[in-house]
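Take a look at the structure below.
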Amino acid sequence: MSGFKSDLMQVLSERGFIHQASDAAGLDDLAANGPVTAYIGFDCTAPSLHVGSLVQIMTLRWLQKTGHRPITLMGGGTTRVGDPSGKDESRQLLSYEQIEANKLSLRSVFAKFLVYDSGPTGALMIDNADWLGSLNYIDFLRDVGRHFSVNRMLAMDSVKLRLDRDHELSFLEFNYMVLQAYDFVELHRRTGCVLQMGGSDQWGNIVNGIDLGRRMGTAQLYAVTTPLITTASGAKMGKTAQGAVWLNAEMKSAYEYWQFWRNTEDADVRRFLALFTELPMPEVERLAGLGGAEINEAKKILATEATALLHGRTAADDAAETARRTFEEGTLGDALPTIAISLAALDAGVGVLGLFVEAGLVASNSEARRQVRGGGLRVNDTPLADEKATVSAADLVDGTIKLSLGRKKHVLVRVG
RNA sequence: GGGGGAGUGUCCCGAGUGGCAAAGGGGGCGGACUGUAAAUCCGCUGGCGAACGCCUUCGUAGGUUCGAGUCCUACCUCCCCCA
C-alpha cells in the first residue's frame with residue numbers, strides 16, 4: 001500500500017483517501033519533484049456542503065499541507081446542467097439565482113480548511129461559469145465535441161444506469177460529462193493544474209477529462225478518487241433524521257456537529273480518525289485499538305478534533321465540555337441549543353407540546369403528543385406523562401428549563 | 001400517429017374487491033438493553049384537538065355515487081409495442 005516517495009501520496013494512501021488513481025506511480029514522481037496543482041469540483045446544488053463532502057475537503061487540505069496547490073472549483077456553470085452521475089432520476093433544475101446564492105454560501109466553509117493566498121501553494125477559488133457561461137456552441141462542438149465518441153459515452157456508468165432502468169436522461173444532462181472534461185483542460189491551461197480528484201462516482205467524468213486533455217494536447221493529467229464513505233452499517237454518511245449533517249455553522253451548531261462524531265459506530269472509529277482528523281497515524285492506531293467502553297475516549301477525541309477543524313478549537317472544546325457536563329454529570333453546558341421565552345408568557349403558563357415544537361425537538365403538536373405517549377419527552381429530566389401539562393416560572397432551575405427528546409437531544413429554555 | 005401499461009401516505013419501495021387515514025417493507029424517531037456504539041426486542045411514523053371528533057392526502061381538473069385511491073371524461077408525465 002505504501003512505498004510512495006512523495007509526502008502527498010504517502011499521506012493520502014496511508015490515511016485511506018485513495019480509492020482509485022489513474023497512474024499512481026507517475027503522480028508520485030511528479031509530486032515528489034515539486035508543487036502540483038490539483039482541483040476538486042463542487043456542485044452548487046445546496047446552500048451548504050455536508051459531511052459527505054468532507055473527504056474531498058480533507059484531501060485538498062492534505063494536498064496543501066504537503067506542499068501543493070489546491071483549487072476549489074465551484075460548479076457555477078456545471079450546476080446549471082446537473083450531474084447525472086449516480087442519480088437515477090434527473091433533479092429539478094435550479095435557477096441561476098439559486099445557484100449563485102448557493103455558491104456564495106458554500107465558499108465560507110472552504111476558508112476554514114484551506115489557506116487562500118497568492119503564494120505558490122495558496123489555494124485558488126475558481127468558478128467554471130467563468131468559461132462555460134460564454135461558450136459558443138458551434139466552436140465548442142468543433143473544438144471539444146469532436147473528441148467525444150457517443151459510442152463510448154453510452155457505455156459510461158452514469159449513462160448506462162439510466163438507460164438500463166428505462167429512466168430518462170435528457171440531452172442536457174448527457175452533456176454534463178463533456179463540460180466537466182472540458183473544465184479539466186481549461187483549468188490546466190489557466191493554472192497548470194494536472195490532477196483532478198473527487199468522489200468515486202466521479203471517476204468516469206475525471207478520466208474523460210484526462211482523455212480529452214491528451215487529444216487536445218495538454219500535458220499528462222492525473223486522476224485520484226476518494227472512497228464513498230458509508231458507516232460500517234452501510235448507511236450513507238451525513239444523513240440523519242434531522243436532515244443532512246451540514247458544515248455551515250448556521251445550519252448545524254458546533255455542539256450538534258460534535259455530537260454527530262461522538263455517535264460514531266465502533267467499527268468506524270479508525271477510519272474516521274484517519275480521514276477526518278489530523279492526528280498522527282500511530283496515535284490513530286492507538287486510539288482505534290482501545291477496546292470495549294474505552295473506545296468512547298477515542299470517539300470523544302474524534303469529535304473534538306473533527307469539530308476543531310471546522311469550527312475552531314475553542315468551539316470544539318466548548319462542545320466537548322458541554323457534552324461532558326450534560327452526559328457525564330447530568331448538569332448543563334452552555335453550548336446546548338437554547339431558545340428564549342418571555343417572562344410574561346411563562347407566568348401565564350406555556351403548554352409543553354408547543355414548547356417542544358418551538359424548541360425544534362419535534363415537528364408538530366401531534367408528534368409531541370406521540371412522543372409523550374412513547375415516553376420520549378422530558379422536562380428538567382422528568383418524563384412527561386401529561387400532554388396537557390404546562391410549564392411556568394416555577395419550573396425554572398437556575399433560570400433555565402431543560403427540554404429533552406430521548407437521551408441525547410436537549411434544548412434549554414431561557415427567559416428573555 | 002395507433003395500441004397497451006404506469007403515476008399511491010412529499011424520505012424511499014410498494015399492496016390496494018367502491019366504505020380507507022389506506023396492507024407490508026426499508027429508513028427515521030422514541031422505549032428497553034448498553035458504553036451517547038452495534039446487534040436485538042417493543043412502540044410510533046398526515047395536521048388540529050383534552051376528547052367524541054374535525055380537516056387534508058393516492059399525477060392534475062372535472063363527473064357518477066349516500067360514499068371514490070378504486071368507476072367515467074379530459075389533461076399532464078413516464079414506459080413498452082406497432083408505424
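Any value given below was found using the heavy atoms of this structure, including those in side chains, with hydrogens, waters and symmetry copies removed. First the proteins, then the strands, lettered A, B, ... as listed; each starts at 1.
Contact annotation: Asn365(A) side-chain N/O to G47(B) OP1/OP2 distance is not under 4.0 Å. Not one side-chain nitrogen or oxygen of Ser364(A) sits closer than 4.0 Å to the OP1 or OP2 atom of G46(B). The side chain of Arg373(A) contributes no N or O atom lying less than 4.0 Å from OP1 or OP2 of U45(B).
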In 5'-to-3' order, the base (B), backbone-only (S) or no-contact (-) status of each nucleotide in nucleotides 52-57 of chain B, using a 4.0 angstrom heavy-atom cut-off, is ------

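The Trp258(A) side chain lies nearest to U36(B) when the options are U36(B), C48(B), A37(B). Distance from the side chain of Lys388(A) is smallest for A50(B) among the nucleotides A50(B), G35(B), U36(B). Closest approach to the Glu265(A) side chain among A38(B), U36(B), A50(B) is made by A38(B) (side chain taken as heavy atoms from C-beta onward). Comparing G35(B), C48(B), G30(B) by their closest approach to the side chain of Ala293(A) singles out G35(B).
Distance alone, capped at 3.5 Å, is enough to place a donor-acceptor pair between the Gln64(A) side chain and the Val115(A) backbone.
Take Phe140(A) and apply the ring-ring contact (aromatic ring centres under 6.0 Å, His included) test, not counting sequence neighbours, and it matches Tyr182(A). Taking Asn151(A) as the reference, Ser149(A) meet the side chain to side chain contact (heavy atoms under 4.5 Å, CB included) condition, with sequence neighbours excluded. Taking the ring-ring contact (aromatic ring centres under 6.0 Å, His included) definition, one finds that His311(A) meets it with Tyr257(A), sequence neighbours left out. Among residues two or more places apart in sequence or in another chain, the ring-ring contact (aromatic ring centres under 6.0 Å, His included) test is passed with Phe110(A) by Phe42(A).
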Short heteroatom pairs, N/O only, protein and nucleotides 40-42 of chain B, under 3.5 Å:
none

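Residue-to-nucleotide proximity on RNA chain B shows that, of Thr264(A) and Gln371(A), the 5′-proximal contact is made by Gln371(A).
Taking 3.5 Å as the limit, the base of U45(B) and the side chain of Glu367(A) contain no donor-acceptor pair of atoms between them.
By the neighbour-count criterion of 12 heavy atoms within 6.0 Å, atom CD of Glu387(A) is densely surrounded, having more than that number from other residues, nucleotides or ligands. Taking a 6.0 Å sphere around CG of Asn136(A), one finds it holds more than 12 heavy atoms contributed by other residues, nucleotides or ligands.
The aromatic rings of Phe276(A) and Trp261(A) lie tilted to each other, with the angle between the two planes from 30° to 60°.
For A74(B), the paired base is U60(B) (Watson-Crick or G-U wobble, both distances below 3.5 Å).
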